[in-house]
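Basis for what follows: all heavy atoms, side chains included, without hydrogens, waters or symmetry-related copies. In this text, all values refer to a predicted model and were calculated from it rather than measured experimentally. Letters go in sequence order (proteins before strands), and every chain restarts at 1.
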Protein chains: 2
Amino acid sequence: MSRTKARAALLQELEEAMRRSSAQGVLYGQTVANVAGIANSDLECMDILYLEGRVTAGRLAEVTGLTTGAITGVVDRLEKAGLVRRERDDADRRKVFIAVVPEAIERVGQFYVPMQQAMEKVFGGYSDQELRLLLRFANEGYKGVLAATAALKGLLDTPPEKRPDLKLKKLRRQP
Amino acid sequence: MSRTKARAALLQELEEAMRRSSAQGVLYGQTVANVAGIANSDLECMDILYLEGRVTAGRLAEVTGLTTGAITGVVDRLEKAGLVRRERDDADRRKVFIAVVPEAIERVGQFYVPMQQAMEKVFGGYSDQELRLLLRFANEGYKGVLAATAALKGLLDTPPEKRPDLKLKKLRRQP
DNA sequence: GCTAAATCTCTTAGTAACTAAGATATATAT
DNA sequence: ATATATATCTTAGTTACTAAGAGATTTAGC
């Protein structure tokens, strides 16, 4: 096998391995939501709030791709559960900031313990230098995925008849 | 900063970076479903079918965590869209295998092109040896996530009053 | 072999969470 | 000031989900 061909094979194997592990990551998230007894979108918003801190309802809609109406429902449920608080912005009173209540971090975070333990075990098999490489990849990968998401979203703005549409939604069973 | 403390900080940074990039990965998947015009679960099943090949309806339910009734709906939509075919097992006629129709790979796969391109660009910055490290990590990480998912699912079998429940579901807005 | 239990998918009825459109409240621009 | 824009919420209708159970087929016990 030639040098470049070996690399091509490596890249393909890597792509599949990443795809597989990220698919399993999605399933872990679904399981967390399930065990915690909250909707998937609710957990996703908690995750965004954890990473971004206090954000507006509109920002949640933007990031998750949900409508603002759907976000109202998400925040209603999370607020009623005592996980987040609505905080009106005094500078611009149209805005509503959503903030995680302190104890919620722990209440939700406990369900990530199995994942953290598994990851600590995996990381244990790597040297500091190797971990730094993984960190570099994680950061670059994040930026790559972010760019890819933006590129894909661009397709939504292209005229629908000009892009291939699978037309799967709004299908009802045959009588 | 001491040697071990440096590693602890590195691990924490790594965890956050992974969490961030995997969250963005979820969003990419949602965007694909959106652009393709199919439900999230439908795409998830297509992904499983791509990775595992021909699988039974029951296996899809097991892997996705959906009920078999929900899978019937997923497969109905995918079949009507011409992306999969139901194939009754002749050896055990209760079983229904779901198989991706050949052209569907391309029809769905096109939406992963932006991601592949972004990843190729990222991978370009790594030597073969480094890529092999990433591959090793991806494989070990997959196993770790798989184990973590199983561990978390174990909580579902523990008596609900014995485990911390967020009790968020089935909440309705106040009148 | 024949009956009972188990297994696999599908059906049905009801529910939760979503979208689309527009209402409301506040902010910005002319 | 008035008009336009922005941010969230509300309402009505839709979609995809669950729970429970009905077929259809297979496996186990006698």
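- Computed from coordinates, the Ile38(A) CD1 to dA16(C) P distance equals 16 Å when rounded to whole Å.
- Inter-residue side-chain proximity for Ile48(A) and Thr64(A) is flagged as met; some heavy-atom pair is nearer than 4.5 Å.
- Under the 3.5 Å distance criterion, the side-chain polar atoms of Glu130(B) are matched with a main-chain donor or acceptor of Ser127(B).
- Leu78(A) and Phe111(A) fall within the same hydrophobic cluster, where Ile, Leu, Val, Met, Phe, Trp and Tyr residues are linked whenever their side-chain heavy atoms come under 4.5 Å apart, directly or through other members.
- In this structure, Asp90(B) atom CG and dT26(D) atom C1' are separated by 15 Å, rounded to whole Å.
- A straight line from CG of Asp76(A) to C1' of dT10(D) spans 11 Å, rounded to a whole angstrom.
- A salt bridge is absent between Lys95(A) and Asp90(A); no separation between the charged side-chain nitrogens and carboxylate oxygens falls under 4.0 Å.
- For the pair Leu60(A) CG and dC18(C) C1', the interatomic distance rounds to 16 Å; values are reported in whole Å.
- Rounded to a whole Å, the CZ atom of Arg59(A) is 12 Å from the P atom of dT8(D).
- In this structure, the CG atom of Asp89(A) is 13 Å from the C1' atom of dT6(D), given to the nearest Å.
- Under a 4.0 Å N-O distance rule, the pair Glu140(B)/Lys143(B) does not qualify as a salt bridge.
- The interatomic distance linking Ile98(A) (CD1) with dT8(D) (C1') rounds to 10 Å, in whole Å.
- Residue Arg86(B) is in sugar-phosphate contact alone, with no base atom involved, counting any heavy-atom pair closer than 4.0 Å across all strands shown.
- The two atoms that bring Glu87(A) and Ala99(A) nearest to each other are OE2-CB, 3.7 Å, heavy atoms only.
- Salt bridge present: Asp47(A) and Arg19(B) bring a charged side-chain N and a carboxylate O closer than 4.0 Å.
- Contacts between residues 48-58 of chain B and DNA chain D, defined by a heavy-atom separation under 4.0 Å, are absent.
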Contact string for nucleotides 17-25 of chain D, one letter per nucleotide 5' to 3', B = base within protein heavy-atom range under 4.0 Å, S = sugar-phosphate only, - = neither, reads SB-----BB
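- Between Phe137(B) and Phe123(A), the ring-plane angle classifies as parallel under the 30° and 60° cut-offs.
- Arg85(A) and Glu79(A) are not joined by a salt bridge, as no carboxylate oxygen comes within less than 4.0 angstrom of a charged side-chain nitrogen.
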